[in-house]
Protein chains: 2
Amino acid sequence: MGRKRTKSGKIRLAEVAELAGVSPITASRFFRNPAALSIAKRARVESAAKELGYVPNLAARALASQRTEVIGVLIPSLTNNVFSDVLRGIYDASEGSRYSIQLSNTRYSILQEEKLLRLFLAQKPAGLIVTGIDQTTESQAMLEASDCPIVQIMEIGPNPVDMMIGFSHYDAARAAIGHLFDQGYNRIGFVGARMDPRVQRRLDGYQAAMKDAGLFDSRLIVATATPTSVTLGGALFTDLLSKAPDIEAVFCANDDLALGVLFECRRREIAVPEQIAIIGFNDLEFMASAVPTLTSVRTNRYEMGRTAATMLIDAIEGRRPEQPVLDLGYRVMERQSSLARRSDSRPALSGEAAANKMVALPSGHD
Amino acid sequence: MGRKRTKSGKIRLAEVAELAGVSPITASRFFRNPAALSIAKRARVESAAKELGYVPNLAARALASQRTEVIGVLIPSLTNNVFSDVLRGIYDASEGSRYSIQLSNTRYSILQEEKLLRLFLAQKPAGLIVTGIDQTTESQAMLEASDCPIVQIMEIGPNPVDMMIGFSHYDAARAAIGHLFDQGYNRIGFVGARMDPRVQRRLDGYQAAMKDAGLFDSRLIVATATPTSVTLGGALFTDLLSKAPDIEAVFCANDDLALGVLFECRRREIAVPEQIAIIGFNDLEFMASAVPTLTSVRTNRYEMGRTAATMLIDAIEGRRPEQPVLDLGYRVMERQSSLARRSDSRPALSGEAAANKMVALPSGHD
DNA sequence: GTATTTGCTGGTAGCGCTGTCAACGTTCCT
DNA sequence: AGGAACGTTGACAGCGCTACCAGCAAATAC
């Protein structure tokens with residue numbers, strides 16, 4: 001027990017090295033690149049570390065190596081369950097790796113994002129995951145100047161800072177409206193909340209589709225900056241009904257709103273889809289078990305987070321992806337709430353399986 | 001521009017000190033305890049730091065001071081929206097403070113929790129937030145031995161490691177069942193998923209209430225270890241119906257299950273609450289706008305997270321709370337889905353406001 | 001007026017680890 | 001056999017900051 005001089009037996013790399021009978025630097029290498037050691041020493045260091053319960057001091061490592069093993073993640077909201085799926089993917093992918101996640105919330109403010117970015121970058125993160133493509137020019141410049149890999153998630157656009165993974169919200173919205181057209185609905189309302197850039201692009205897609213079909217009418221649009229909720233869905237739908245009582249279908253910018261619309265229909269005894277069809281966005285779990293089951297645009301959020309983190313870690317470790325921009329696409333999950341119109345027979349409440357026809361995959365964008 | 005020798009103009013504390021005309025140590029003090037400086041130097045250092053855009057190197061600080069400004073948070077799940085509310089509270093409270101949040105996911109495994117705890121503790125966090133009171137004895141020992149403040153969240157129990165904030169799931173479940181008794185329901189089923197310790201204690205509360213009333217019947221209980229979902233709610237309810245077709249009400253261990261039960265009732269054309277009453281747990285946002293509106297037990301998750309982080313930061317900075325164990329209570333939000341039974345008149349679909357009667361607040365526990 | 005306290009400032013010496021480079025022994029090649 | 005190439009190891013010198021203690025001036029006490 002005379003090995004360590006510090007009180008309370010602090011285990012440093014030096015202690016491990018001493019027990020293993022090697023120099024500290026060799027022990028250090030064991031943790032960073034075990035392959036560089038001979039088999040014998042590798043085993044000796046390993047068992048010494050285990051015996052002493054050695055845990056490396058990350059601060060010292062970061063200071064000495066001039067880099068951290070932190071992946072910074074900037075997302076606009078913790079409330080929105082869309083992001084909790086993405087986060088789950090990110091955390092899952094980071095688990096087992098040496099990297100730890102540092103999460104910050106921009107609250108949908110690109111100025112706040114810029115501030116946080118400056119803070120993050122100063123700590124020399126190993127990599128960065130940022131949401132969306134609407135950074136300030138200042139943020140843009142900082143990201144360009146930084147020497148760590150960066151992944152932009154949630155959507156794809158023309159000028160990736162580095163890597164990018166997401167899908168086209170514009171195309172996805174067009175596909176949703178296209179599906180409703182196919183099913184025979186023409187007078188389609190739009191209900192949106194929060195109206196962040198991605199929701200805005202969904203609105204753009206909706207508008208373009210409606211205009212192309214010669215069906216555009218501004219009275220069909222209800223949008224608010226208020227954060228989304230199920231209750232709000234009901235309220236906005238009520239609004240929409242008063243502006244356009246003759247609507248045949250509603251495209252909801254997210255599933256919470258769609259559920260609110262469904263409940264409001266039930267409250268008003270409006271039959272879905274016979275009187276009004278509903279389509280949501282994101283395909284949260286509950287959509288498939290609602291009554292009627294609710295059509296939605298599936299977005300691969302968990303996979304997006306997971307792939308983003310995996311790509312990032314690969315890039316950090318020098319394995320740059322051959323494809324820096326990944327379009328994860330979307331998929332219109334057709335369910336009862338958007339069954340074909342003007343069929344005289346009441347639609348049977350059958351299972352959804354048969355109705356899950358794939359309408360679009362990778363959004364063949366840019 | 002000949003000030004700094006390092007390439008690319010790295011700004012260290014020394015640069016700031018030089019520009020301000022003070023020693024590095026004085027500059028250092030400015031950031032840790034400005035009050036210790038004379039007014040004049042304080043201003044000089046401040047403007048020098050701003051001019052150079054100085055950002056402290058956290059790794060160096062941590063290494064030199066032997067402590068970090070990291071608050072470790074251990075939660076069992078990122079999927080469960082209960083935790084996203086708690087997390088939002090934690091992040092909100094940490095914002096503006098000097099502390100950053102380090103989140104890890106135990107996946108409902110106390111062994112995983114133990115492993116993560118060891119990792120965290122080795123980095124000397126400023127404080128720790130852990131979920132629940134069911135740590136392994138080893139974890140318990142590590143927590144006791146650690147010298148940083150610790151808050152246990154989500155529930156309260158007899159032996160706090162340090163601080164504790166939550167409520168009694170047992171009492172809350174009893175209150176839910178008590179409410180159903182009051183409304184005239186006797187044959188009450190239990191539907192639970194995941195069955196983590198807190199859900200288990202809700203089940204215990206349910207069982208105790210039923211036994212006390214002489215109404216216990218094991219066929220009334222459907223519980224599974226499967227993670228919760230709306231769809232699962234429907235499936236478990238189907239199970240329950242087959243085991244006990246004569247049930248009058250269902251207590252769902254969480255709101256997702258409750259929504260699934262509601263949809264399943266609709267699918268089977270079972271009138272709620274006329275044929276079967278429903279009560280959920282957590283009072284997620286959608287409960288109040290479902291049709292019928294769904295009764296639930298409100299738990300103050302955001303406040304719990306926020307208060308936990310605030311208490312922790314206070315404790316870190318030496319302001320220990322006078323009350324180390326905080327019971328945040330719960331509240332049965334009475335809504336249409338549990339309207340009084342055997343009233344011959346169909347219950348009117350009135351607003352919920354009047355029905356929001358407080359049944360219980362702080363759970364007067366230990 | 002001297003002794004003591006207080007407030008502010010600076011010097012020195014690391015915190016625990018890793019980057020760089022040199023040196024060693026071994027194997028392989030010509 | 002001699003030299004090059006490789007694989008493996010270690011010495012040294014910091015990374016940027018802060019703990020500790022000493023020093024100095026101004027304020028207070030006697």
Side-chain angles (χ1 to χ4, degrees), chain A residues 3-46 48-49 52-70 98 122-124 126, chain B residues 3-46 48-49 52-70 98 122-124 126:
Chain A
R3 192 185 310 104
K4 44 236 173 193
R5 66 232 60 165
T6 40
K7 63 190 174 301
S8 81
K10 185 182 296 182
I11 306 300
R12 303 179 343 283
L13 195 51
E15 274 71 51
V16 175
E18 186 176 357
L19 180 60
V22 299
S23 73
I25 190 66
T26 300
S28 166
R29 265 191 282 263
F30 169 76
F31 293 101
R32 291 176 292 147
N33 181 19
L37 297 204
S38 63
I39 309 283
K41 302 227 161 161
R42 206 180 304 172
R44 294 240 300 283
V45 176
E46 180 163 26
L52 295 173
Y54 171 72
V55 181
N57 181 322
L58 265 32
R61 176 179 291 177
L63 181 59
S65 66
Q66 296 286 70
R67 56 192 156 67
T68 61
E69 285 169 350
V70 168
R98 62 201 310 158
Q123 302 311 323
K124 297 192 200 308
Chain B
R3 193 188 307 106
K4 44 240 174 188
R5 69 232 58 165
T6 40
K7 62 188 177 302
S8 80
K10 185 182 295 181
I11 305 300
R12 303 181 339 285
L13 195 52
E15 274 70 51
V16 176
E18 185 176 358
L19 180 60
V22 299
S23 73
I25 190 67
T26 299
S28 166
R29 264 190 282 263
F30 169 77
F31 293 100
R32 291 174 295 144
N33 180 20
L37 297 204
S38 62
I39 310 282
K41 303 228 161 161
R42 208 181 304 173
R44 295 239 299 283
V45 176
E46 180 163 26
L52 296 173
Y54 171 72
V55 181
N57 180 321
L58 265 33
R61 177 179 289 177
L63 181 58
S65 67
Q66 297 286 69
R67 57 196 155 66
T68 62
E69 284 168 352
V70 168
R98 62 200 310 157
Q123 303 310 324
K124 297 192 200 308

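All heavy atoms count here, side chains included; hydrogens, waters and symmetry mates do not. Note on naming: letters A, B, ... go to the chains in the order of the sequence lines (proteins, then strands), and numbering restarts at 1 for each one. Note that the coordinates shown come from a computational prediction; the quantities given were computed from them, not determined experimentally.
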Original post:
Would you say a side-chain N or O of B:Arg61 is under 4.0 Å from OP1 or OP2 of D:dC15?
Top reply: no

Show the distances under 3.5 angstrom between N or O atoms of the protein and N or O atoms of nucleotides 9-14 of chain D.
{"from": "D:dT9", "atom 1": "OP1", "to": "A:Ser38", "atom 2": "OG", "distance (Å)": "2.8"}
{"from": "D:dT9", "atom 1": "OP2", "to": "A:Ser38", "atom 2": "N", "distance (Å)": "3.1"}
{"from": "D:dG10", "atom 1": "OP2", "to": "A:Ser23", "atom 2": "N", "distance (Å)": "3.1"}
{"from": "D:dG10", "atom 1": "OP2", "to": "A:Ser23", "atom 2": "OG", "distance (Å)": "2.9"}
{"from": "D:dG10", "atom 1": "OP2", "to": "A:Thr26", "atom 2": "OG1", "distance (Å)": "2.5"}
{"from": "D:dG10", "atom 1": "O5'", "to": "A:Ser23", "atom 2": "OG", "distance (Å)": "3.4"}
{"from": "D:dG10", "atom 1": "N7", "to": "A:Arg29", "atom 2": "NH2", "distance (Å)": "2.8"}

**OP:** Mind checking salt bridge (Lys or Arg N to Asp or Glu O under 4.0 Å) for A:Arg29 and listing every partner two or more places apart, or none if nothing turns up?
**Re:** none

Original post:
Nearest of D:dA19, C:dC17, D:dC17 to any side-chain atom of B:Ala60?
Top reply: D:dC17

Original post:
Got a sec, which residues hit salt bridge (Lys or Arg N to Asp or Glu O under 4.0 Å) with B:Arg42, two or more places apart in sequence or on another chain?
Top reply: none

Original post:
Just to confirm, is there a sub-4.0 Å distance from OP1 or OP2 of D:dA19 to any side-chain nitrogen or oxygen of B:Arg32?
Top reply: yes

Original post:
Does D:dG16 have OP1 or OP2 sitting under 4.0 Å from an N or O in the side chain of B:Tyr54?
Top reply: no

Short N/O separations, protein against nucleotides 22-26 of chain C, under 3.5 angstrom:
none

**OP:** Under the salt bridge (Lys or Arg N to Asp or Glu O under 4.0 Å) rule, collect the residues that match up with A:Arg67, sequence neighbours excluded.
**Re:** none

Subject >> Residues that A:Val70 engages under side chain to side chain contact (heavy atoms under 4.5 Å, CB included), provided they are two or more places apart >> reply: A:Thr68, A:Ser100, A:Gln102

Original post:
Can you tell me if the side-chain N/O atoms of A:Gln66 get under 4.0 Å from OP1 or OP2 in D:dG16?
Top reply: yes

Original post:
Which whole-number value in Å describes the distance from A:Phe31 CZ to C:dG16 P?
Top reply: 15 Å

